[in-house]
Amino acid sequence: MNTVKRALKRLWCTIRRLSGDDAYERYVAHHAAHHPDAPPLSRETFFKQWQDDKWKGVKRCC
Amino acid sequence: MNNLLKNMTWLLIAVIGAAGVGGIALNRGEQINALWFIAAAVCVYAISYRFYAAWIAAKVLVLDETRATPAERFDNGRDFIPTNKWIVFGHHFAAIAGPGPLVGPTLAAQFGYLPGTLWILVGAVLGGCVQDMVTLFFSMRRDGRSLGQMARDELGPIGGAAALIGTLAIMIILIAVLGLVVVNAMKHSPWATSTVAATIPIAMIVGLYMRSIRPGRVLEASALGFMLLLLAVVAGGWVDHSAALRGLFDHEGLPLAWMVIAYGFAAAILPVWLLLAPRDYLSTFMKLGTIILLAIAIVLLQPMIKMPALTQFIDGTGPIFGGKLFPFVFITIACGAISGFHALIASGTTPKLLSNERDIRMVGYGGMALESFVAIMALIAASVLEPGVYFAINSPAGVVGKEAVDAVAKISAWGFPVTVEQMQLLASQMGEATLFARTGGAPSLAVGMASIFGSAFGEGMLALWYHFAIMFEAIFILTTLDAGTRVGRFMLQDMLGNLWPRLGETSWTPSVILTSGLVVGAWGYFLYIGVIDPNGGVNLLWPLFGIANQMLAAIALCVGTGILIKSGKLKQAWITGIPLTWLVLVTSTAAWEKIFSEDKRVGFFAAANDMAVKLAAGALPPEKAAIAPQLIFNQHLDAWLTIFFVATLWVIVFDMLRVSARHLTGKPVPPVSESPHIPSRLVEEYARD
């Protein structure tokens, strides 16, 4: 039972990671580790920048 | 003992793979099960991944797992992020797998199933996978630099310029031909048109949700969008049955083409978060879901292949596109076997995510192997149709005649029996008025998918499955169209910025409108011509796209070969040298035939001359005579474009040979621009898991 639960949880984490659903949480963690003196961006501002950054280069193929 | 067991497993895989390939290749006269294709493909990928890719990783590229990757060195929590290899694999696969591997194999099925299958398998494991893996590796060793930058650094300014122009050109042709595929799928189909139209407001709702209502909740928004998309497929059926609404969505090809062009322009200037980004989420989920579903359905259903191994059209008289088996099967199937476009993804986004060098084998080689598998499934979906039905759907009216009776008579005379009743029954099952002359691959693939899904998961919903498949193809064709237009716009702004710096500002509205208009105008022109061409624009545009894509692949392989030789690996440079030689041979032959062939269905100049003679003699019906001057001009333009592509190809090949020869004779060349070795600090963590 526990293994099934763990496997499902891992799958869920993978899906969140792949889709970028957890991007803000990862950013906050990164921020806390590397720039602890400055406050992190709000979820909304971060997401705006993240989305605009993502679409700067070649993202999709034929 | 353990070793013996391992060896036995690989031996077994080899035997199954050989039996699969042998069965496919040698089967004559009897029907063959689609499961053999799956078995052969999986075994071929497994063996080449286990042995060839491992050998390249260990002996040629010499992957060094103790060396810090750019993601580790520049970790900024944004684009450089050390990422788990499965996640990188997912991102990379979602980026490389577009509509190309679905359309190309479907068109190439006109030669029979055998040529396409063999080329997809051999081309992928010896060409495409190697190209992606090598490009990914070299870009990662150069801090994630793009293909164009690497070409400039390693070969010189000529190589760099060729890569840049090649990319822009391929983007234009690609978008035009994909737009044509969508237009042919929506032509006189209120159901398909209304469903595809509904995807636009759905994407906007999803975009608004992610941006303002619940910022950053990507999965919630995507789930909402997915449900709305399914609703749109069902609602399309209501539209189709309502006499009042039908008329709104029932259009000829040309007005639909104008709508696609207007949509493309709007998508290029609207902010990304409103349309492009949410559409991309939806199409990625749809793509992965449908591909998995198709694989499950094929394994469950085990359909029989009805297409013969080879058809008489290998002689060049094929109705869908003209030209002999060699070289045209290798041009028609680009994505799925080897695709130059991948080199743009493999140098750019993906190398910035890798946390360890050894992941390159799985992401680069494995990602392409999976895309190649998608191409195999598309080929199966086209080959399970009765060949007569396949040709009736895909043959343009200009070749088989406008009337259904003429078309079935002609197709049956080729030896692929089909009747008007059969086609009408099929069309009504699929909820369409007609399925004749829907060239482009999307409708026949959708019929194939619908019959596979229908048999595996419930016969009663064929029309829903068909329009689900059409929506699925349209949504990611439109994503490619949006993303491609935007990339083209950025590249153009970058180039024009050299002339007048203000034009290079990506957020200056006049420049955005001007450059978007230029890019949309360029692909819109080819789309327009493709729609008005009575022989079906696919015959015109798809070979041009194939040549452009293979040219880009050749550029990537030139960069790879050049770097290998400069790094003192002349003896192993054949890993990219062989696919490069093959591509140069194929592309040059195809270009030669497209330019000089006297067959008017192959040669551009021959077609132009033929039409000019007929026009002068007054032999054309009035509606054809009115568009003839445009078609003649376009044939000339296409011919010159082909000359330009092949010239660019040879320039970069000679540039690579020049640099290599100088290096081998001890003369100065641009230095290898690899970043210095910095030991990784993530290694200890790796050793633990």
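What you see is a predicted model, and the numbers here were worked out from it, not measured in a lab. In the text below, chain A, chain B and the rest are named by the order of the sequence lines, each starting its count at 1.
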Given a strict heavy-atom distance threshold of 4.5 Å, which part of [X] is in contact with chain A: side chain, backbone, both, or neither?
| X | result |
| --- | --- |
| V218(B) | both |
| M491(B) | neither |
| L174(B) | side chain |
| F476(B) | neither |

Polar pairs (donor with acceptor) under 3.5 Å from chain A to chain B:
{"unit_1": "D21(A)", "atom_1": "OD1", "unit_2": "V218(B)", "atom_2": "N", "d": "2.7"}
{"unit_1": "D21(A)", "atom_1": "OD1", "unit_2": "L219(B)", "atom_2": "N", "d": "2.8"}
{"unit_1": "Q49(A)", "atom_1": "OE1", "unit_2": "R78(B)", "atom_2": "NH2", "d": "2.7"}
{"unit_1": "Q51(A)", "atom_1": "OE1", "unit_2": "R211(B)", "atom_2": "NH1", "d": "3.4"}
{"unit_1": "D53(A)", "atom_1": "OD2", "unit_2": "R78(B)", "atom_2": "NH1", "d": "3.3"}
{"unit_1": "R60(A)", "atom_1": "NE", "unit_2": "D280(B)", "atom_2": "OD1", "d": "2.6"}
{"unit_1": "R60(A)", "atom_1": "NH2", "unit_2": "D280(B)", "atom_2": "OD1", "d": "3.3"}
{"unit_1": "R60(A)", "atom_1": "NH2", "unit_2": "D280(B)", "atom_2": "OD2", "d": "2.8"}
{"unit_1": "C61(A)", "atom_1": "N", "unit_2": "A95(B)", "atom_2": "O", "d": "3.1"}
{"unit_1": "C62(A)", "atom_1": "O", "unit_2": "G98(B)", "atom_2": "N", "d": "3.2"}

Excluding sequence neighbours, so at least two apart, what forms ring pair (Phe, Tyr, Trp, His ring centres under 6.0 Å) with F80(B)?
->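 Only F74(B) meet the ring pair (Phe, Tyr, Trp, His ring centres under 6.0 Å) criterion with F80(B).
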
For F341(B), all residues meeting ring pair (Phe, Tyr, Trp, His ring centres under 6.0 Å), sequence neighbours excluded |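 Residues passing ring pair (Phe, Tyr, Trp, His ring centres under 6.0 Å) with F341(B): none at all.
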
Name all residues meeting the side-chain contact (heavy atoms from CB on, under 4.5 Å) criterion together with L270(B); count only those two or more places apart in sequence or in a different chain, and write none if there are none.
->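 With sequence neighbours excluded, L270(B) shows a side-chain contact (heavy atoms from CB on, under 4.5 Å) to M204(B), L274(B), L275(B), given in chain and number order.
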
Could you tell me which of P101(B), A94(B), A483(B) has the largest number of non-hydrogen atom pairs under 4.5 Å with chain A?
->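 Counting heavy-atom pairs under 4.5 Å, the top option is A94(B).
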
Specify which of V487(B), I81(B), L219(B), L276(B) makes the most heavy-atom pairs with chain A at under 4.5 Å.
->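 It is L219(B).
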
